[in-house]
**Student:** 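Okay, here's the structure, questions in a sec.
We use all heavy atoms of the structure for the numbers below, so side chains are in, but hydrogens, waters and symmetry mates are not. Numbered from 1 within each chain, the chains take letters A, B, ... in sequence-line order.
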Protein chains: 2
Amino acid sequence: MLPDASRPLYEVKANLFKGLAHPLRVRVLEVLSTRPETSVSDLLEVTGLEASNLSQHLAVLRNNRLVTADRRGNQVYYRLAHPQVADLLRVARTLLGDILETTERQLVESSGLPELPPAAPAVEAAATAVEAAGEPA
Amino acid sequence: MLPDASRPLYEVKANLFKGLAHPLRVRVLEVLSTRPETSVSDLLEVTGLEASNLSQHLAVLRNNRLVTADRRGNQVYYRLAHPQVADLLRVARTLLGDILETTERQLVESSGLPELPPAAPAVEAAATAVEAAGEPA
DNA sequence: TGATGGATTGATAAATCCATTATACGCCCG
DNA sequence: CGGGCGTATAATGGATTTATCAATCCATCA
């Protein structure tokens with residue numbers, strides 16, 4: 001889990017992605033991208049999760065060195081270990097935008113070519129949702 | 001597996017990362033980042049894998065719209081579906097470089113502070129390996 | 001000290017992922 | 001058409017991941 005550099009890079013990278021491969025963990029990282037730090041109790045509120053479940057996921061993020069925790073008094077505060085983590089989320093998002101765009105285009109092309117589709121509610125709304133989502137990363 | 005935009009973005013992102021969360025798939029994407037396209041047989045050579053195993057992983061990459069395949073004659077050629085995929089791998093690599101650097105520094109700091117460590121073979125070599133690795137992404 | 005609130009850890013069952021094997025498909029050539 | 005090659009899919013069993021519940025740890029405050 002710790003990025004052991006003696007292994008082939010593609011293994012280490014795969015481990016990194018594994019650390020990111022859960023909705024909850026992505027969510028936590030997104031929250032952490034918007035503020036300098038966040039307490040576990042705040043994360044609990046935001047996510048509406050069970051404490052132990054969240055804690056487990058935070059442990060995964062810690063083991064992957066994606067976040068750092070420090071305890072102040074009764075509470076524990078988490079922050080991104082590196083700004084690059086936010087970069088990664090941003091790049092992922094733009095990639096997803098592209099993917100969605102081209103799959104949508106391919107759908108249109110293969111289904112009769114109505115140059116400007118009169119309005120494909122679901123897909124269309126979805127696409128713009130991704131573009132405009134007021135989301136941190 | 002298809003990036004359904006009607007779901008929360010963090011779920012879609014997590015799915016994307018899941019698609020990347022295997023050494024073999026990362027390896028394939030790295031190979032594909034270095035050339036415009038690569039045939040399955042070439043990938044088989046490079047990776048030394050069983051055909052069906054590779055095929056399964058290629059299917060995952062296809063389902064995630066990370067690669068596209070097109071058949072010409074007897075062979076199938078794969079390519080990255082978007083240049084952003086390579087970007088993602090690059091950002092991941094620099095992040096890993098940072099992570100490794102700071103964990104190494106923390107190791108040194110917490111173990112007696114030999115200002116310039118006389119030479120910590122494993123870790124040191126590893127770090128430079130990551131920096132210098134002549135790897136595509 | 002005991003008690004309380006916040007967070008983590010351990011244990012377990014369910015779900016998911018993966019390598020392997022076997023089978024099927026698509027294309028070319030004889 | 002039949003055979004062979006290159007890929008892909010199905011099925012199976014073993015390993016990993018995850019949500020849940022119980023137990024523990026750590027700091028505060030009475």
**Student:** Starting from P on dT17(D), measure out to CZ on Phe17(A) and report it in whole angstrom.
**Tutor:** 17 Å

**Student:** What class does the angle between the rings of Phe17(A) and Phe17(B) fall in, given that below 30° is parallel, 30 to 60° is tilted and above 60° is perpendicular?
**Tutor:** parallel

**Student:** To the nearest angstrom, how far is Gln75(B) atom CD from dC27(C) atom P?
**Tutor:**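 To the nearest whole Å, that distance equals 14 Å.
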
**Student:** Report the distance from atom CG of Asn63(B) to atom P of dC18(C), rounded to the nearest whole Å.
**Tutor:**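 My rounded result for the distance is 13 Å.
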
**Student:** May I ask you to evaluate whether Tyr78(A) reaches the phosphate of dT8(C), defined as a side-chain N or O under 4.0 Å from OP1 or OP2?
**Tutor:** yes

**Student:** Indicate yes or no: does Arg27(A) engage Glu11(B) in a salt bridge with an N to O separation below 4.0 Å.
**Tutor:** no

**Student:** Nearest whole angstrom, please: distance from the C1' of dG6(D) to the CD of Glu45(B).
**Tutor:**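 To the nearest whole Å, that distance equals 14 Å.
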
**Student:** Can you give one letter per nucleotide of nucleotides 24-30 of chain D, 5' to 3': B if a protein heavy atom sits under 4.0 Å from the base, S if only from the sugar-phosphate, - if neither?
**Tutor:** ---SS--

**Student:** Check the distance between dT16(D)'s P and His22(A)'s NE2 and give it to me in whole angstrom.
**Tutor:**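 After rounding, the gap between these two atoms is 18 Å.
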
**Student:** Is any side-chain N or O of Ser39(B) closer than 4.0 Å to OP1 or OP2 of dG6(D)?
**Tutor:**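 The answer is no; no side-chain N or O of Ser39(B) sits under 4.0 Å from OP1 or OP2.
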
**Student:** The criterion is side chain to side chain contact (heavy atoms under 4.5 Å, CB included); which residues satisfy it with Ser52(A), sequence neighbours excluded?
**Tutor:** none

**Student:** Taking the side chain of Arg25(A) as its heavy atoms from C-beta onward, which of dT18(D), dA7(C), dT9(D) lies nearest to it?
**Tutor:**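 The closest nucleotide is dT18(D).
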
**Student:** Using five base pairs at each end to define the local axes, how bent is the helix from dT1(C)-dA30(D) to dG30(C)-dC1(D), to the nearest 10°?
**Tutor:** 10°

**Student:** With sequence neighbours excluded, tell me which residues meet side chain to side chain contact (heavy atoms under 4.5 Å, CB included) with Ala51(A).
**Tutor:**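 In terms of side chain to side chain contact (heavy atoms under 4.5 Å, CB included), with neighbours along the sequence ignored, Ala51(A) is linked to Leu44(A).
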
**Student:** State which residues pass side-chain hydrogen bond (donor to acceptor under 3.5 Å, both in side chains) with Gln84(B); sequence neighbours excluded, sorted by chain then number.
**Tutor:**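 With neighbours one apart ignored, the set is Thr94(A).
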
**Student:** With sequence neighbours left out, what residues match Thr38(B) under side chain to side chain contact (heavy atoms under 4.5 Å, CB included)?
**Tutor:** Val31(B), Leu32(B), Arg35(B), Asp42(B), Leu43(B)

**Student:** In chain order, what residues pass the side-chain hydrogen bond (donor to acceptor under 3.5 Å, both in side chains) check against Glu45(B), with sequence neighbours excluded?
**Tutor:** none

**Student:** Partners of His82(B) by ring pair (Phe, Tyr, Trp, His ring centres under 6.0 Å), sequence neighbours excluded?
**Tutor:**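 For His82(B) there are no ring pair (Phe, Tyr, Trp, His ring centres under 6.0 Å) partners, ignoring immediate neighbours.
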
**Student:** Could I get the full list of side-chain hydrogen bond (donor to acceptor under 3.5 Å, both in side chains) partners for Arg62(A), not counting sequence neighbours?
**Tutor:** Tyr78(A)

**Student:** Give the rounded distance in Å between these two atoms: CG of Asp70(A) and P of dG6(C).
**Tutor:**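 Whole-Å distance recorded here is 18 Å.
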
**Student:** Among residues 48-57 of chain B, which residues get a heavy atom nearer than 4.0 Å to DNA chain D?
**Tutor:** Ser52(B), Ser55(B), Gln56(B)

**Student:** Please identify each residue that fulfils side chain to side chain contact (heavy atoms under 4.5 Å, CB included) with Ala14(B), with sequence neighbours left out.
**Tutor:**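 Scan of Ala14(B) (side chain to side chain contact (heavy atoms under 4.5 Å, CB included), adjacent residues dropped) gives Pro23(A), Val26(A).
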
**Student:** Holding to side-chain hydrogen bond (donor to acceptor under 3.5 Å, both in side chains), I want the full list of residues that pass it with Glu37(B), two or more places apart in sequence or in another chain.
**Tutor:** Arg72(B), Arg79(B)

**Student:** Rounded off to whole Å, could you give me the NZ-to-C1' distance for the Lys18(B) and dT18(D) pair?
**Tutor:** 10 Å

**Student:** Would you mind reading off the distance between Leu61(B) atom CG and dT7(D) atom P, rounded to a whole angstrom?
**Tutor:**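 For the pair Leu61(B) CG and dT7(D) P, the rounded distance is 16 Å.
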
